[in-house]
Number of protein chains: 2
Amino acid sequence: MVNERKLAKRSRPEIQEDIRQAAIQEFALHGLRGATTQSIAERAQLSKAQLHYYIESKEALYVELLQGVVDEWSRESFGQRDGDPAHVLASYVKRKLAFSFDQPLLSKMFANELISGAEVLRSILTQPRTRAGQAVQTLTQWIDEGRIRALDPWLFLMHIWAVTQHYADFDVQVRFMMRVRAGQPLDRARIVREVVAFVLHGCGLTPSEDDLA
Amino acid sequence: MVNERKLAKRSRPEIQEDIRQAAIQEFALHGLRGATTQSIAERAQLSKAQLHYYIESKEALYVELLQGVVDEWSRESFGQRDGDPAHVLASYVKRKLAFSFDQPLLSKMFANELISGAEVLRSILTQPRTRAGQAVQTLTQWIDEGRIRALDPWLFLMHIWAVTQHYADFDVQVRFMMRVRAGQPLDRARIVREVVAFVLHGCGLTPSEDDLA
DNA sequence: GTCTATATGGGGATAGAC
DNA sequence: GTCTATCCCCATATAGAC
């Protein structure tokens with residue numbers, strides 16, 4: 001069997017990790033309804049029946065993975081309110097972009113769930129909102145102190161999410177417009193510069209060369 | 001049968017329109033793979049078998065609808081290059097936002113297709129890119145003339161799309177963050193103000209009260 | 001031309017063999 | 001504990017009745 005890739009026998013945790021990765025792929029691309037245990041199994045190099053031994057159900061797997069994404073995002077902090085707004089915002093945008101570049105599938109899964117009506121996410125969404133509330137407080141203080149222009153902090157925050165997550169969720173479009181082929185990497189440095197500059201100007205700040213790097 | 005809504009016998013074009021609307025709903029929420037002819041049929045008040053008399057196949061229906069969205073977008077113009085940048089941009093943003101508010105399902109369908117890898121859209125996507133190219137030319141000229149700050153016109157354009165389409169694709173999140181219930185309308189005027197202000201500041205302009213209205 | 005009855009395959013999940 | 005054989009339902013689609 002020369003043509004068959006040798007498969008070292010996987011340990012249980014290895015298999016479980018392979019399943020998670022496979023499921024993230026499928027859920028990210030096709031959503032809960034569109035993903036099939038068939039494709040997840042194939043991707044994880046298991047039979048469909050084998051897969052069902054390792055998971056409770058398709059939906060349970062989905063919920064577990066989604067909860068993981070939310071947990072990860074909830075750990076992320078916005079930044080110190082007594083810090084330099086330009087610096088704090090630039091840092092926040094960079095972290096958001098890094099997530100989009102490094103974990104595009106998790107962002108896509110989240111996006112898919114929202115577009116589909118967020119029936120699963122709805123109960124979990126309180127967590128991120130609390131986090132976001134802290135960022136909003138900081139922004140509000142900055143506005144009161146005249147350190148950034150007067151704006152709606154909630155909408156502003158969502159605009160940051162929109163622009164940064166765009167690079168993960170709609171990477172196909174970005175690549176098409178930028179004429180970057182599927183395999184090739186995007187010009188991250190350039191995108192970081194542009195997004196940071198856009199966001200900082202957007203709230204009335206002028207980015208320093210340091211912020212853009 | 002008092003409880004049954006009286007159904008005036010629908011004409012063929014009426015039925016076809018009902019099918020289109022039903023399909024847009026399902027495709028927008030669940031994508032090509034996730035949508036079922038079952039749910040489309042129910043939504044259009046037909047039996048599954050009846051539906052299949054009116055459509056060629058699920059995929060054909062999908063492609064037709066998607067092409068329609070792209071056609072509609074391709075008709076939209078960016079604006080005159082010799083106009084006032086702030087005014088042209090404000091107008092463009094407002095039209096994009098109006099589309100998000102009035103046709104959120106079409107935007108969602110498009111988003112879903114992109115997230116899923118755009119296998120169907122890929123061949124159609126050249127059309128919008130040509131349109132976008134014209135906008136980019138205008139932006140480039142404005143930069144050369146020093147009328148807006150130096151920025152990457154392609155990325156800037158996509159940032160506008162990201163922020164405006166966000167209100168359609170992720171309306172669930174927007175509503176959740178703004179504490180607006182599902183039935184209630186969003187505060188469009190406020191959102192228009194904030195997005196226009198964000199975009200104009202973002203390219204180094206200061207919006208007039210006129211642009212924000 | 002329109003819709004009912006039906007074919008055929010793929011979907012998620014499990015009983016029971018190893 | 002692990003996986004094979006199998007179940008049953010729902011999916012898309014069509015042949016043929018009206």
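Note that these values count all heavy atoms, side chains included, but never hydrogens, waters or copies made by symmetry. Each chain gets a letter, A, B and so on, in the order its sequence line appears, and its residues count up from 1.
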When rounded to whole Å, the CD to P distance for the pair Q38(B) and dC9(D) reads 15 Å
Should we say atom CD of Q80(A) is surrounded by more than 12 heavy atoms from elsewhere, each under 6.0 Å from it? no
Do Q25(A) and Q21(A) have side-chain atoms, one donor and one acceptor, less than 3.5 Å apart? no
Between dG10(C) atom C1' and E42(A) atom CD, what is the distance in whole Å? 12 Å
Quick one: I40(B) CD1 to dC10(D) P, roughly how many Å, whole number? 18 Å
R175(A) side chain vs Q184(A) backbone, donor-acceptor pair below 3.5 Å: yes
In whole Å, I'd like the distance from the CZ atom of R33(A) to the C1' atom of dA11(D). 12 Å
Describe the nucleic acid contact of A35(B) in one word from base, sugar-phosphate, nothing, applying a heavy-atom distance below 4.0 Å. sugar-phosphate
Would you call the rings of W142(B) and F78(B) parallel, tilted or perpendicular, where under 30° means parallel and over 60° means perpendicular? tilted
So salt bridge (Lys or Arg N to Asp or Glu O under 4.0 Å) across residues 154-174 of chain A, not counting sequence neighbours, yields K108(A)-D171(A)
Interface with DNA chain D, restricted to residues 20-29 of chain B and to heavy atoms under 4.0 Å: none
Side-chain N or O of Y54(A) versus OP1/OP2 of dC3(D): is the shortest distance under 4.0 Å? yes
Output, in order, the C-alpha distance, side-chain angles, deciding distance and verdict of salt bridge (charged side-chain N to carboxylate O under 4.0 Å, His left out) for R188(B) and D102(B). CA-CA 11 Å; R188(B) 289 176 63 148; D102(B) 298 330; 3.0 Å; yes
Going 5' to 3' through nucleotides 13-18 of chain D, assign each nucleotide B (protein heavy atom under 4.0 Å from a base atom), S (under 4.0 Å only from sugar-phosphate atoms) or - (no protein heavy atom that close). BB----
Any side-chain N or O of R12(B) below 4.0 angstrom from OP1/OP2 of dT2(C)? yes
Round to a whole Å and report the spacing from CG of L46(A) to C1' of dG12(C). 16 Å
Working note: E26(B) + R33(A), criterion salt bridge (charged side-chain N to carboxylate O under 4.0 Å, His left out); need CA distance, chi angles, decisive distance, verdict. CA-CA 11 Å; E26(B) 290 300 318; R33(A) 299 251 291 250; 3.8 Å; yes
Can you tell me how the ring of H159(A) sits relative to the ring of Y167(B), calling it parallel under 30°, perpendicular over 60° and tilted otherwise? perpendicular
Mind checking whether F110(A) and W73(A) have ring centres under 6.0 Å apart? yes
Between dA11(D) (P) and L32(B) (CG): distance, integer Å: 15 Å
